[in-house]
Amino acid sequence: MEYTTAKFLHLIGVFLWTSSSSSLGLFMLYGNFKDTGCKKEVIRTFYRWMTNLEIFGFLLALSMGLYMLYLLEYKFDINWLNYKLPIVFLIFLPLEIINFWFVNFKIPKSKDKEKAYKQYDRFNYIVALPLVISFLVVVYLAVVKP
């Protein structure tokens, strides 16, 4: 696979990751504070499905990003990547692992689903702002390439 194809797939992964998490995440935040008339369990089940799509997008972006580094024979000589990679591996990756654990293990196996969902909501509230800020920094680095 050539570099431009890998970059295209990397961007598709980024779009899947951010669009599924942000749009449905905002809806879930809204739905938790305002009665939408929707069955919360149905919405939460759909949210869990979308979270797995989000995680797939993240893994696609991550794997294609690493493949592009391989194609470039990256030797830590690209300054903006030296800032971007720690954000990806020290912030995004651990948060997505926790997200995956909540959605695929903690919530489905929980005897008290409402409590598990409240813990998951709390996790999302706590990480939302740092995640958005980190994502904007990564986009800035990728576009401006300081």
Side-chain angles (χ1 to χ4, degrees), residues 3 6-36 38-72 74-146:
Y3 182 83
K7 190 169 193 172
F8 173 74
L9 291 173
H10 176 73
L11 289 173
I12 294 296
V14 169
F15 296 148
L16 278 173
W17 177 51
T18 58
S19 64
S20 59
S21 66
S22 60
S23 59
L24 199 57
L26 289 173
F27 178 75
M28 284 304 297
L29 287 172
Y30 180 78
N32 282 331
F33 291 110
K34 181 151 177 80
D35 185 21
T36 61
C38 299
K39 291 183 178 179
K40 283 203 182 214
E41 187 58 37
V42 172
I43 296 298
R44 287 195 179 276
T45 300
F46 181 68
Y47 183 77
R48 287 180 44 227
W49 186 85
M50 289 297 289
T51 300
N52 282 314
L53 179 63
E54 166 196 336
I55 292 166
F56 170 77
F58 176 76
L59 292 175
L60 178 62
L62 183 64
S63 62
M64 288 298 105
L66 291 172
Y67 183 66
M68 288 187 301
L69 290 177
Y70 168 76
L71 291 176
L72 289 174
Y74 179 62
K75 296 178 178 47
F76 297 97
D77 55 350
I78 304 171
N79 284 337
W80 66 274
L81 273 175
N82 292 335
Y83 298 118
K84 180 181 170 183
L85 291 175
I87 294 170
V88 170
F89 286 105
L90 298 176
I91 297 174
F92 297 158
L93 183 61
L95 292 179
E96 289 304 330
I97 290 169
I98 294 168
N99 200 14
F100 181 82
W101 174 77
F102 261 115
V103 167
N104 293 293
F105 296 100
K106 171 77 173 169
I107 293 170
K109 294 179 193 240
S110 177
K111 292 185 188 340
D112 185 356
K113 295 241 189 274
E114 193 57 36
K115 181 180 177 183
Y117 278 125
K118 286 186 183 202
Q119 290 172 338
Y120 184 57
D121 291 343
R122 194 172 318 117
F123 165 74
N124 283 320
Y125 297 146
I126 291 168
V127 303
L129 188 59
L131 190 62
V132 168
I133 291 169
S134 300
F135 178 75
L136 291 173
V137 169
V138 166
V139 169
Y140 173 81
L141 292 169
V143 172
V144 176
K145 298 180 184 354

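In this chain, residues are counted from 1 in sequence order.
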Min side-chain heavy-atom separation Tyr47-Tyr117 under 4.5 Å:
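Not in contact.
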Of all residues at least two apart in sequence or in a different chain, which pass the side chain to side chain contact (heavy atoms under 4.5 Å, CB included) check with [X]?
X: Ile12; result: Phe8, Leu16, Leu60
X: Val144; result: Tyr140, Pro146
X: Val127; result: Leu95, Phe123
X: Ala6; result: Met1, Met64, Tyr67, Met68

Atom [atom1] of [X] and atom [atom2] of [Y]: how far apart are they, to the nearest 0.5 Å?
X: Leu131; Y: Asn99; atom1: CG; atom2: CG; result: 9.0 Å
X: Trp101; Y: Glu96; atom1: CH2; atom2: CD; result: 15.0 Å
X: Arg44; Y: Asp121; atom1: CZ; atom2: CG; result: 4.0 Å

Check this for me: Lys113, atom NZ, are more than 12 non-hydrogen atoms of other residues, nucleotides or ligands nearer than 6.0 Å?
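Atom NZ in Lys113 is crowded, with more than 12 foreign heavy atoms closer than 6.0 Å.
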Surrounding NZ of Lys115 (heavy atoms of other residues, nucleotides or ligands, distance under 6.0 Å), is the total greater than 12?
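Open.
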Distance-only donor-acceptor pairs under 3.5 Å for side chains of residues 86-93, two or more places apart:
none

Under the ring-ring contact (aromatic ring centres under 6.0 Å, His included) test, which residues partner Phe135, sequence neighbours left out?
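Here the qualifying residues are Trp17.
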So, using ring-ring contact (aromatic ring centres under 6.0 Å, His included) as the criterion, who are the partners of Tyr3 when residues are at least two apart?
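Counting only residues at least two positions away or on another chain, Tyr3 forms no ring-ring contact (aromatic ring centres under 6.0 Å, His included).
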Got a list of side-chain donor-acceptor pairs under 3.5 Å for residues 104-111, not counting sequence neighbours?
residue	atom	partner	partner atom	Å
Asn104	OD1	Asn52	ND2	3.2
Asn104	ND2	Asn52	OD1	2.8
Asn104	ND2	Phe100	O	3.2
Lys106	NZ	Gln119	OE1	3.1
Ser110	OG	Asp112	N	3.3
Ser110	OG	Asp112	O	3.0

Apply side chain to side chain contact (heavy atoms under 4.5 Å, CB included) to the pair Glu54 and Phe58, showing each step before the final yes or no.
CA-CA 6 Å; Glu54 166 196 336; Phe58 176 76; 5.7 Å; no
Quick one: side chain to side chain donor-acceptor pair (under 3.5 Å) pairs with a partner in residues 78-88, sequence neighbours left out?
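For residues 78-88, and leaving out neighbouring residues, the side chain to side chain donor-acceptor pair (under 3.5 Å) pairs sorted by first residue read Tyr74-Asn82.
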What do the steps show when you test Ile55 against Val103 for side chain to side chain contact (heavy atoms under 4.5 Å, CB included), and what is the final call?
CA-CA 10 Å; Ile55 292 166; Val103 167; 5.6 Å; no
